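As structure tokens, the structure follows; a few thoughts come after it.
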2 protein chains.
Amino acid sequence: MITVGVNGYGTIGKRVADAVTQQPDMELAGVAKTRPNFEAQAAVRKEYPLYAAVEERIELFEEAGIDLAGSVTDLVAESDVVVDACPSGIGADNKSMYESFDTPALYQGGEDADLVDVSFNARGNYSAAAGASHVRVVSCNTTGLSRLLAPLQERYGVEKARVTLVRRGGDPGQTSRGPINDILPNPITIPSHHGPDVNTVFPDLDIDTLGMKVPATLMHVHSVNVTLESSPTAADVRDLLREESRLFLVPESMAIDGAGKLKEFAHDAGRPRGDVWENCIWEESISMEGDDLYLFEAIHQESDVVPENIDAIRAVTETADASESIATTNETLGIGL
Amino acid sequence: MITVGVNGYGTIGKRVADAVTQQPDMELAGVAKTRPNFEAQAAVRKEYPLYAAVEERIELFEEAGIDLAGSVTDLVAESDVVVDACPSGIGADNKSMYESFDTPALYQGGEDADLVDVSFNARGNYSAAAGASHVRVVSCNTTGLSRLLAPLQERYGVEKARVTLVRRGGDPGQTSRGPINDILPNPITIPSHHGPDVNTVFPDLDIDTLGMKVPATLMHVHSVNVTLESSPTAADVRDLLREESRLFLVPESMAIDGAGKLKEFAHDAGRPRGDVWENCIWEESISMEGDDLYLFEAIHQESDVVPENIDAIRAVTETADASESIATTNETLGIGL
């Protein structure tokens, strides 16, 4: 059994903790949190051992009547692997702590690629993380692009990818974020960080990305163009992508027109929190114009990296190869719409 | 003097009517409207002769205490040119009426290209409309793309254009339109109608377009990629585009991050209704990656076709050439931010 600690119990951390408890080869040492908010209280109800992420705030938990199992260093000491799901930049601050315990750590995509030995995507470069001490699970958007580009690259070759990422302004709980009623080039300069980030997984891929922000909270939507090195039919591409376990081809018959219905479909399917772990690619959108592939895909920013974190735990501990780990993760979570 | 009638007094029609009154070579015969709503009442306050667009509704205007100058056929009879700014599809219904009076008509971009002799953009194909009886001023998005692609095509040659149009869900007054909090591929299939529509102005241009809809009302924003036939620097492209009178390069120093600030800037400049007649291209976004040009531009869906309608009036009546007409329209409206 791999003992896993989760440092940071917000949007990603709480999902990873839940997923860890569903794995046959893992146990959850506990979770660390900075504040005794509703998420901390939910962790208590789930009987997850709760640790204070910041020593000085232990008192706040006591005042809220929440029993702590200790502080974050106790959690790290107990863990074979730590998943750091702290806000962007805090992971970098935590690195020396993980090193002092000689505990391998997984960071999230908000950290710099320079912080770690390997930037990770299960479909893209699983084996690169074998035995690494510091691994970064790339961001939701980069995860989505990596899953899509890996099979295209392998089967057809990618001459160039050009992607416009229309990003939700914030998550449903991030009430201080905008925009309201606007469409923002974000960043205004080109490329956005996503293209270079994809290159941390696929160093030789030619990709330009443009980012925008809009008043939506549910999912990101990508407008994807990939100029291929060969000229398959759209049907060929659909067949190829349909074989990928973490790509869901939204059939026309479902009459799903956007992120709202995708989330509703996930809720109806009984998924925890309505999570959509797969890239959702509109099947009718998959088109070829000469060598140019086009498609639209929706990416659930809160959850698509969760299975990747689980796979990364096995990758760094070298307890399963890519196909074994992906199969186990998919089966335990219920991936495959 | 060219006597101009405006049939349809909504978002476009009211702006065209105002613009006509500012032209030294035009006079407004009047405007036709279906309902005595706030816009009709505003027309009365401006002392525009008001005609009933539908004979059977004359009574409604009487009940609202609005004096009519007649019905739409009277307006057409008095006009040298009619600008049809009715909702999409109604223009087609009106065509036979214009023909029966032998009055040249301009339609808006919502009508089918097949309806008319020429689809028109002042920068793209002004002279094609000379003497035509039925001319379609292409839609806001196609107008924006035509203005941008014309100089690029002329100077560098366009190998292929790929554009993602992130469209506002509705205009500020269209309170029944969505989405709220969603990002919709729209249409889900590729291409959207915009690429083929650009081909009505530039028949030989290779262009693929993808459309999306988001919860915003202020402007559309385009994520543009143009693979050029030569490799200018980004600075070259900026200089080229800066010379175009209906392209506004938004300088970084203005700190304008989206459509909201663009509209606010237009209001501060005292523009009627905060209209933004120009394509607004973020200067910092203009980038070259090899032969690939990228940029972001915002398009004000309510107003960018207004100067094009004015130019089209001169084009069909053959009263000015392109450069004369564009210069007059720009000067009278105050185009050039």
Side-chain angles (χ1 to χ4, degrees), chain A residues 160 162-169 172 178-191 195 206 208-225 227 234 250 252 256-261 263 282-290 292 294-298, chain B residues 160 162-169 172 178-191 195 206 208-225 227 234 250 252 256-261 263 282-290 292 294-298:
Chain A
K160 182 156 192 173
R162 303 172 186 86
V163 182
T164 298
L165 301 100
V166 180
R167 297 152 61 207
R168 96 296 180 234
I180 293 171
N181 191 26
D182 212 332
I183 306 170
L184 310 180
N186 184 269
I188 293 174
T189 51
I190 291 155
D206 190 2
D208 295 327
T209 53
L210 299 91
M212 303 172 87
K213 261 170 61 171
V214 301
T217 63
L218 303 173
M219 299 176 83
H220 304 294
V221 181
H222 297 170
S223 169
V224 177
N225 163 239
T227 307
V250 185
E252 186 170 3
I256 287 177
D257 65 350
K261 291 201 182 72
K263 289 282 294 171
W282 277 272
E283 190 170 307
E284 315 136 73
S285 75
I286 299 172
S287 309
M288 292 295 304
E289 303 278 346
D292 275 316
Y294 294 96
L295 60 82
F296 288 113
E297 64 175 357
Chain B
K160 183 158 192 172
R162 301 173 187 84
V163 182
T164 298
L165 300 100
V166 181
R167 296 152 61 207
R168 96 298 181 233
I180 295 170
N181 191 27
D182 210 332
I183 306 170
L184 310 181
N186 185 269
I188 293 173
T189 52
I190 290 154
D206 191 2
D208 295 328
T209 53
L210 299 93
M212 304 173 87
K213 263 170 62 172
V214 300
T217 63
L218 303 174
M219 299 176 85
H220 304 294
V221 181
H222 297 171
S223 168
V224 176
N225 164 238
T227 308
V250 186
E252 187 170 4
I256 287 177
D257 64 350
K261 290 199 183 75
K263 289 281 295 170
W282 276 273
E283 189 169 308
E284 315 137 74
S285 75
I286 298 171
S287 308
M288 291 296 304
E289 302 278 345
D292 275 317
Y294 295 96
L295 60 83
F296 288 113
E297 63 175 357

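Since we're looking at a predicted model, the values are computed, not measured. Worth knowing before you read on, the calculation uses all heavy atoms, side chains too, and leaves out hydrogens, waters and symmetry mates. Naming: A, B, ... by sequence-line order, numbering from 1 per chain.
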Quick one: does any side-chain atom of [X] pair with a main-chain N or O of [Y] as donor and acceptor, under 3.5 Å?
| X | Y | result |
| --- | --- | --- |
| B/H220 | B/R168 | yes |
| B/T164 | A/T164 | no |
| A/N181 | B/T217 | yes |

### Side-chain heavy atoms of B/R162 within contact of A/T227, under 4.5 Å
yes
### Task
Compare all side-chain heavy atoms of A/D182 with those of A/K213 and state whether any distance is below 4.5 angstrom.
no
### By salt bridge (charged side-chain N to carboxylate O under 4.0 Å, His left out) - contacts of B/E283 (at least two apart)
B/R242
Side chain from CB out, backbone as N, CA, C, O: work out which of these in [X] comes under 4.5 Å of a heavy atom of chain A, or both, or neither.
| X | answer |
| --- | --- |
| B/D206 | neither |
| B/V214 | side chain |
| B/M212 | side chain |

### Query
Among B/S287, B/G169, B/G258, B/P215, which has the most heavy-atom pairs under 4.5 Å with chain A?
B/P215
When heavy-atom pairs shorter than 4.5 Å are enumerated against chain B, which of [options] gives the highest number?
| options | answer |
| --- | --- |
| A/A298, A/P185, A/P187 | A/P185 |
| A/S223, A/P191, A/P179, A/G290 | A/S223 |
| A/N186, A/L184, A/I180, A/L295 | A/L184 |

Measuring heavy-atom distances to chain B, does [X] have an atom under 4.5 Å in its side chain, in its backbone, in both, or in neither?
| X | value |
| --- | --- |
| A/D257 | both |
| A/V221 | both |
| A/L165 | neither |

### Query
Of all residues at least two apart in sequence or in a different chain, which pass the side chain to side chain donor-acceptor pair (under 3.5 Å) check with B/D208?
A/Y294, B/K160
